[in-house]
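One is the number of the first residue; the rest follow in order along the sequence.
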Amino acid sequence: KREPGIRAIHSAASKIKVLVVPTNEELSITMQSVHVAQIKPKELDAAAAGVEVVRKASASQHISGEDTFAQLTRKTSLIATKGNMLATRTRRASAVVTAAQKSVYLMSLSGRGTALVELGLYGRFFRLNPNKVGFFRPVGNRPNGADTHVHLIHSVFKLTSKTEDMVGVDYPEALHLMSTGKQDQLVDKIIAAYEKYRVGKALVLISGMSFPVQSLDTNFTLAEILRAPVMFTMKFDTSAERAIQNILLHKQSLDQTPTKIKLAGVIVNRVPIDMHPQVSQTLKSAMAAANIKLAGVLPQDECLNSFRVNELHQNLSSTVLYGADSLDRFETARFVTASGSVEQILKECRSSLSPPVVLVDACRGEVILALLFSVQSTSISLAGIVLTGATKLAPMVSSVLKSASLVSIPVLMVSESMEKVISQLSHMSPSVLPSSTRKIEFVEGLFDNHMQEEWFGSIMKQEMNVTMTPKLFQYQIFTKARSSLRHIVLPEGNDKRVVAAAAELVSRGLCRVSLMGVVEEVQQLA
């Protein structure tokens, strides 16, 4: 039975708003929900005290259904004032969650190519708070063990966390869940892994999805659920104006999310060196006008465009004929196609600013021998040779190489044609491996010289009082339910809605369920 209190008598045009005083039962349920959401005790006490103030105020005014509007206006003036205090306290209580760790959700607007940015960002955060910074991939791809992004960060910074704990869901499983309409199950798995991993971390850098087509919307959803401000990173493309348009378009999409996810900043990567000063100034002015933090504009460099021969070997699925122990030592930023005469090919190799990898048709024995003799005599410098269109060398060429001990560089062989190999190489993106010492050191210097120092400080110092999202609230309730498994008996087992609810509870492992009803009827619905 509801306690005597205020009726909901106001209309849309009313200047006076009247609060409905909850019953003790309603208040008790609210307190339980707030407890599950981990709202701060002080705010909880304030909200409870505010409710009691309104209850006492309404009782002291003796409001009844027979009061005239004028009498109600006088009697509710005190209650309205105290009710505003209560509303403020209650809003604060529902919005403030127990000090969550800080986080940044890194999202690529170019689809791929975030490894170097991840490395640079994590390195700077790691310096500010060693051993308390985490790295997490909601969806990871680990064909040979650990996800490549996770493996890089874990190896370079010698992290003690298990690599499997740094990934929410494997890519094949995520793709299966999304294609079968089980997005909720995918999100639940990611939340569970993230909540477990973030314990004890001062900050977690979250590396967003770069696949599949729907990854942009999925990234927005995950950032919102994980309560993480988003960091845009993008590869520079032709002009500053195009970059600005891309950033503003995605910022608009971000603002349209239900909780209006915060944009922590923007990094524009791989700007041509000759365009860097002008592009930096244009972006700085445009971002300031749009009230967006420009964290950094990173210039392009040949060091970051280089491929190690080991990467070529993996991407081409080649056979290593010579130099298997030196694949990690040789790298190149240029490829030469051996399609002309021997003299033309050697001339093109000499004109290269950095040692190239030469693509040679395996049947051209004279070119292969000329290249290797030239490397031996130091007249040219090569990073490697890729032989195309065969599975083994011609016997004469093979015997000459073995007897002369000419091979001092990696030599790879693929069965595909020259055209197909060129197509494969054109779709490759330079990567960085834990053993890529030169690239790792270069990235560190790049972030020291071109990132805004105050941006890192603002991230570490920002207040992370954020709204409890429905998904996280649900996750915490489910976790408590699973930790104390109860037995629930549901009547009306002949109702298909009850049966469906029971199946959902059991499939999620939230409780044990018994249905009451005629066995045959229940089984038919099940």
Over 60° means perpendicular and under 30° means parallel, so classify the ring planes of [Y] and [X], tilted if in between.
X: Phe232; Y: Phe220; result: tilted
X: Phe126; Y: Phe157; result: tilted
X: Trp455; Y: Phe125; result: tilted

For a quick check under 3.5 Å, do Arg308 and Ser306 share a side-chain donor-acceptor pair by atom type? no

Could you state the interatomic distance from [atom1] ([X]) to [atom2] ([Y]), rounded to the nearest 0.5 Å?
X: Leu254; Y: Leu249; atom1: CG; atom2: CG; answer: 11.5 Å
X: Ile267; Y: Ile247; atom1: CD1; atom2: CD1; answer: 11.0 Å
X: Ile422; Y: Thr337; atom1: CD1; atom2: OG1; answer: 4.0 Å
X: Lys182; Y: Leu177; atom1: NZ; atom2: CG; answer: 7.0 Å
X: Leu106; Y: Thr114; atom1: CG; atom2: OG1; answer: 6.0 Å
X: Tyr322; Y: Leu412; atom1: OH; atom2: CG; answer: 12.5 Å

Report yes or no: does [X] contribute a side-chain atom to a donor-acceptor pair with the main-chain N or O of [Y] at less than 3.5 Å?
X: Arg482; Y: Arg508; answer: yes
X: Thr332; Y: Pro355; answer: yes
X: Asp147; Y: His149; answer: yes
X: Ser155; Y: Leu152; answer: no
X: Ser285; Y: Gln281; answer: yes

Is [X] atom [atom1] crowded by more than 12 heavy atoms from other residues, nucleotides or ligands, each under 6.0 Å away?
X: Asn291; atom1: CG; answer: no
X: His276; atom1: NE2; answer: yes
X: Gln278; atom1: CD; answer: no

Flag side-chain contact, heavy atom, 4.5 Å: [X] against [Y]:
X: Phe135; Y: Ser207; result: yes
X: Val375; Y: Ser408; result: yes
X: Glu241; Y: Thr282; result: yes
X: Ser381; Y: Pro356; result: no
X: Ile225; Y: Tyr194; result: no
X: Ile206; Y: Pro138; result: yes
X: Leu116; Y: Arg270; result: yes
X: Asn219; Y: Val230; result: no

Least distance between heavy atoms, [X] atom then [Y] atom:
X: Ser436; Y: Val432; value: CB-CG2, 3.7 Å
X: Val167; Y: Ala193; value: O-CB, 4.2 Å
X: Leu294; Y: Gln452; value: O-CG, 3.4 Å
X: Leu283; Y: Ala240; value: CD2-O, 4.2 Å
X: Ala174; Y: Val169; value: N-CG1, 3.7 Å
X: Ser161; Y: Tyr197; value: OG-CE1, 3.9 Å

What do the steps show when you test Val421 against Phe335 for side-chain contact (heavy atoms from CB on, under 4.5 Å), and what is the final call? CA-CA 11 Å; Val421 170; Phe335 298 96; over 6 Å; no

Checking Arg124 against Phe447: charged group under 6.0 Å from the ring centre and within 45 degrees of the axis? no

Give the intermediate values and the outcome of side-chain contact (heavy atoms from CB on, under 4.5 Å) for residues Leu121 and Met451. CA-CA 9 Å; Leu121 282 177; Met451 289 290 290; 4.1 Å; yes

If you apply the rule salt bridge (charged side-chain N to carboxylate O under 4.0 Å, His left out), what do you find for Lys293 with Glu454, and how did you get there? CA-CA 11 Å; Lys293 292 181 180 178; Glu454 59 271 18; over 6 Å; no

What pairs of residues pass the salt bridge (charged side-chain N to carboxylate O under 4.0 Å, His left out) test when at least one of them lies in residues 425-442, not counting sequence neighbours?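 Sorted result for residues 425-442: Glu331-Arg438.
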
With Arg242 via salt bridge (charged side-chain N to carboxylate O under 4.0 Å, His left out) - residues at least two apart: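 Checked Arg242 against salt bridge (charged side-chain N to carboxylate O under 4.0 Å, His left out); matches are Asp237.
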
Would Asn315 and Leu425 count as a side-chain contact (heavy atoms from CB on, under 4.5 Å) here? Give the steps. CA-CA 8 Å; Asn315 281 274; Leu425 294 176; over 6 Å; no

Among Val320, Asp325, Leu327, find the residue that satisfies the side chain to side chain contact (heavy atoms under 4.5 Å, CB included) test when tested with Pro410.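 Exactly one option meets the side chain to side chain contact (heavy atoms under 4.5 Å, CB included) with Pro410, and it is Leu327.
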
Let's go through Met107 and His250 carefully: what are the C-alpha distance in whole Å and the side-chain angles of both, what is the deciding distance for side-chain contact (heavy atoms from CB on, under 4.5 Å) to 0.1 Å, and is it a yes or a no? CA-CA 11 Å; Met107 184 186 302; His250 286 87; 5.9 Å; no

Quick one: ring-ring contact (aromatic ring centres under 6.0 Å, His included) partners of His154, sequence neighbours excluded? none

